[in-house]
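Below, chains carry the letters A, B, ... as their sequence lines are ordered, and counting in each starts from 1. Being a predicted model, the structure only gives us computed values, none of them experimental.
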Amino acid sequence: MQHWLVKSEPEAYSWANLVKDGRTMWDGVRNYQARNNMQQMQPGDLVLFYHSVSEKAIVGIAKVDKPAYPDPTAAEDKGKWVVVDLIPFRDFKEPVTLEQIKKDERLQDIALLRQSRLSVMPLKPEEFDILLAMGN
DNA sequence: GCCAACGTTGGC
DNA sequence: GCCAACGTTGGC
């Protein structure tokens, strides 16, 4: 099983929205690196849910429920972009802030810090475990 | 609100 | 194929 982190501006689509919806199609990704990551996702993979811009914190854990399939919202270039289906798995008891992540020397290599614009990124199992422990 | 980083587009 | 211009993301 692989581990991931996705970013969303809470004003656009928040963790609370996902909890309420029970499932969402993670659409609209238009970046090749992010897409390539989504294509690697398998059902059951756990995905940390990060609120960017206004909150800058990881707030919950989602689970991949359906592997990559063509993005129906891609008007042009049909078949070029993909989505996955995500379902909420559980809340973080405490949000893990970007500030906390920056302070932890074990987390200096994660793409969230090194590549601030990437919206879908892999996490090493140990990084995932560290973040999980910080949020609970 | 500003700006750095980065990706894309289009003229040459 | 290069690079300037432009648009977007996201931290500060």
Side-chain angles (χ1 to χ4, degrees):
Chain A
M1 183 175 66
Q2 299 181 88
H3 301 91
W4 310 94
L5 184 148
V6 298
K7 300 200 292 199
S8 183
E9 292 192 36
E11 291 74 18
Y13 192 84
S14 69
W15 172 249
N17 290 137
L18 178 58
V19 170
K20 178 166 61 72
D21 294 345
R23 158 190 291 265
T24 197
M25 184 175 72
W26 204 253
D27 62 10
V29 172
R30 297 291 182 271
N31 169 281
Y32 290 108
Q33 206 178 339
R35 182 204 62 183
N36 293 345
N37 289 331
M38 286 171 71
Q39 285 173 331
Q40 301 299 313
M41 290 184 179
Q42 293 299 324
D45 285 359
L46 296 178
V47 183
L48 298 184
F49 197 102
Y50 176 81
H51 278 168
S52 65
V53 183
S54 57
E55 190 176 354
K56 286 173 283 184
I58 299 168
V59 293
I61 311 170
K63 186 186 278 190
V64 177
D65 195 51
K66 188 174 172 185
Y69 58 99
D71 187 341
T73 70
E76 299 170 24
D77 303 318
K78 267 197 158 53
K80 188 172 174 182
W81 303 111
V82 300
V83 298
V84 294
D85 283 2
L86 297 180
I87 57 176
F89 180 59
R90 62 186 177 87
D91 294 295
F92 265 31
K93 283 181 189 154
E94 295 291 336
V96 174
T97 65
L98 182 63
E99 191 179 9
Q100 287 176 269
I101 295 166
K102 284 176 134 176
K103 280 182 186 161
D104 194 313
E105 62 183 19
R106 299 168 298 175
L107 300 174
Q108 295 307 300
D109 284 339
I110 68 175
L112 190 69
L113 301 185
R114 301 177 68 88
Q115 220 180 325
S116 68
R117 292 182 57 194
L118 184 63
S119 63
V120 180
M121 65 195 75
L123 290 174
K124 293 175 192 156
E126 58 268 30
E127 293 166 342
F128 180 87
D129 290 342
I130 292 164
L131 291 165
L132 204 61
M134 289 165 77
N136 285 273

Which whole-number value in Å describes the distance from [X] [atom1] to [N] [atom2]?
X	N	atom1	atom2	answer
A:Leu112	C:dG10	CG	P	10 Å
A:Lys102	C:dG11	NZ	C1'	7 Å
A:Arg114	C:dG10	CZ	C1'	18 Å
A:Leu98	C:dG11	CG	P	6 Å
A:Gln115	C:dT9	CD	C1'	12 Å
A:Leu118	C:dT9	CG	C1'	11 Å
A:Ile58	C:dG11	CD1	P	12 Å

Donor-acceptor pair, side chain of [X] and main chain of [Y], under 3.5 angstrom:
X	Y	result
A:Lys56	A:Glu99	no
A:Ser8	A:His51	no
A:Asn17	A:Ser14	yes
A:Asp91	A:Lys93	no

Next item on the list: May I ask you to say whether A:Arg23 pairs ionically with A:Asp21, meaning some side-chain N is under 4.0 Å from a carboxylate O?
Entry: no
Check: Would you say a side-chain N or O of A:Lys7 is under 4.0 Å from OP1 or OP2 of C:dT9?
Finding: no
Write out a two-atom table: protein N or O, nucleotide N or O from nucleotides 3-8 of chain C, distance below 3.5 Å.
residue : atom : partner  : partner atom : Å
C:dT8   : O2   : A:Arg117 : NH2          : 2.9

Item checked: Pairs flagged by side chain to side chain donor-acceptor pair (under 3.5 Å) wherever residues 116-128 of chain A is involved - sequence neighbours left out ->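 Residue pairs with at least one partner in residues 116-128 of chain A: there are none.
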